[in-house]
Amino acid sequence: MPVRNSSAQWKGDLAHGSGTMTLASKAYSGPYSFTSRFEEGTGTNPEELIAAAHAGCFSMAFSHLLAEAGYTPTSVETTASVHIDPADGGFAISRIALSAKATVPGIDNAQFEKIAETAKVNCSVSQALAAVDITLSAKLV
């Protein structure tokens, strides 16, 4: 299996420095800073990239499990909200909220919710982040 890489460069101190994060694929390269991470400044931040990874992984895992159960999803859309809060003199990711909506012909709500929960637990990003409380709200549309 392939190994995925990204890199980051930081210049200066925490409060006044700045940096750049780059995906090895070159699909994204952009700035990040104290204000983009802990306030509402421009640029990205590690938590936003974690959220993108989690939303993408869950969507794929959910689609796969639906197909294995005999349902072909028309679409799966997921938003991951990564919460960062002050903790022990620094900051910590305190929780992640997944919110998904999917169009899946022929499935009932109970089966939909069961498969969604299984996808949340078995998605590789969920597994990597298991130390954090991960919640899921899944809606069949």
Side-chain angles (χ1 to χ4, degrees), residues 1-12 14-141:
M1 295 301 293
V3 174
R4 303 299 183 203
N5 300 293
S6 293
S7 62
Q9 178 187 40
W10 186 262
K11 294 180 181 177
L14 175 64
H16 302 99
S18 62
T20 303
M21 287 191 245
T22 304
L23 305 182
S25 66
K26 305 295 184 206
Y28 174 81
S29 182
Y32 73 117
S33 66
F34 181 89
T35 59
S36 71
R37 188 165 189 203
F38 301 110
E39 297 171 2
E40 296 298 325
T42 59
T44 192
N45 55 70
E47 293 74 24
E48 184 175 55
L49 297 173
I50 289 169
H54 205 172
C57 183
F58 173 83
S59 292
M60 291 179 77
F62 191 23
S63 293
H64 173 69
L65 292 173
L66 286 163
E68 278 193 336
Y71 304 100
T72 303
T74 303
S75 69
V76 176
E77 297 176 32
T78 307
T79 300
S81 300
V82 175
H83 297 256
I84 185 168
D85 295 304
D88 299 325
F91 294 89
I93 294 173
S94 58
R95 66 185 174 101
I96 300 170
L98 295 171
S99 177
K101 60 181 180 178
T103 304
V104 187
I107 195 170
D108 64 47
N109 202 53
Q111 184 70 358
F112 176 84
E113 289 181 10
K114 179 181 175 185
I115 294 171
E117 187 62 31
T118 301
K120 180 194 89 164
V121 171
N122 292 306
C123 154
S124 61
V125 174
S126 289
Q127 291 176 350
L129 300 172
V132 177
D133 180 38
I134 300 170
T135 60
L136 171 64
S137 170
K139 180 179 179 185
L140 179 60
V141 293

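Checked by atom type and distance alone, the side chain of K101 never pairs as donor or acceptor with a backbone atom of V141 at under 3.5 Å. A donor-acceptor pair is defined here as one N or O able to donate and one able to accept, closer than 3.5 Å; no such pair exists between the side chain of T22 and the backbone of S7. No donor-acceptor distance shorter than 3.5 angstrom exists from the side chain of S63 to the backbone of M60, with no hydrogens or angles considered.
With sequence neighbours excluded, no residue forms a salt bridge (charged side-chain N to carboxylate O under 4.0 Å, His left out) with E48. Annotation: side chain to side chain donor-acceptor pair (under 3.5 Å) contacts of S6 (sequence neighbours excluded): none. In this structure A8 satisfies the side-chain contact (heavy atoms from CB on, under 4.5 Å) test together with M21, Y32, sequence neighbours excluded.
In this structure, N45 and F38 have side chains that are not in contact, with every pair of non-hydrogen atoms separated by 4.5 Å or more. At a threshold of 4.5 Å between non-hydrogen side-chain atoms, the residues E77 and S59 do not count as touching. No side-chain heavy atom of T72 sits under 4.5 Å from any side-chain heavy atom of P105. F62 has its side chain out of reach of T78: every pair of non-hydrogen atoms, C-beta onward, lies at least 4.5 Å apart. Using a 4.5 Å heavy-atom threshold, the side chains of V104 and I115 count as separate.
Here CD of E117 is found 12.0 Å from CZ of F112. Values are rounded to the nearest 0.5 Å. From C123, atom SG reaches atom CG of L65 across 10.0 Å, with rounding to the nearest 0.5 Å. One distance of note links CH2 of W10 with CZ of F34; it measures 9.0 Å at 0.5 Å rounding.
Between H54 and I96, the closest heavy-atom pair is ND1-CG2, 3.6 Å.
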>> For Y71 and Q111: C-alpha separation, side-chain torsions, deciding distance, then whether side chain to side chain contact (heavy atoms under 4.5 Å, CB included) applies.
In response: CA-CA 10 Å; Y71 304 100; Q111 184 70 358; 4.0 Å; yes

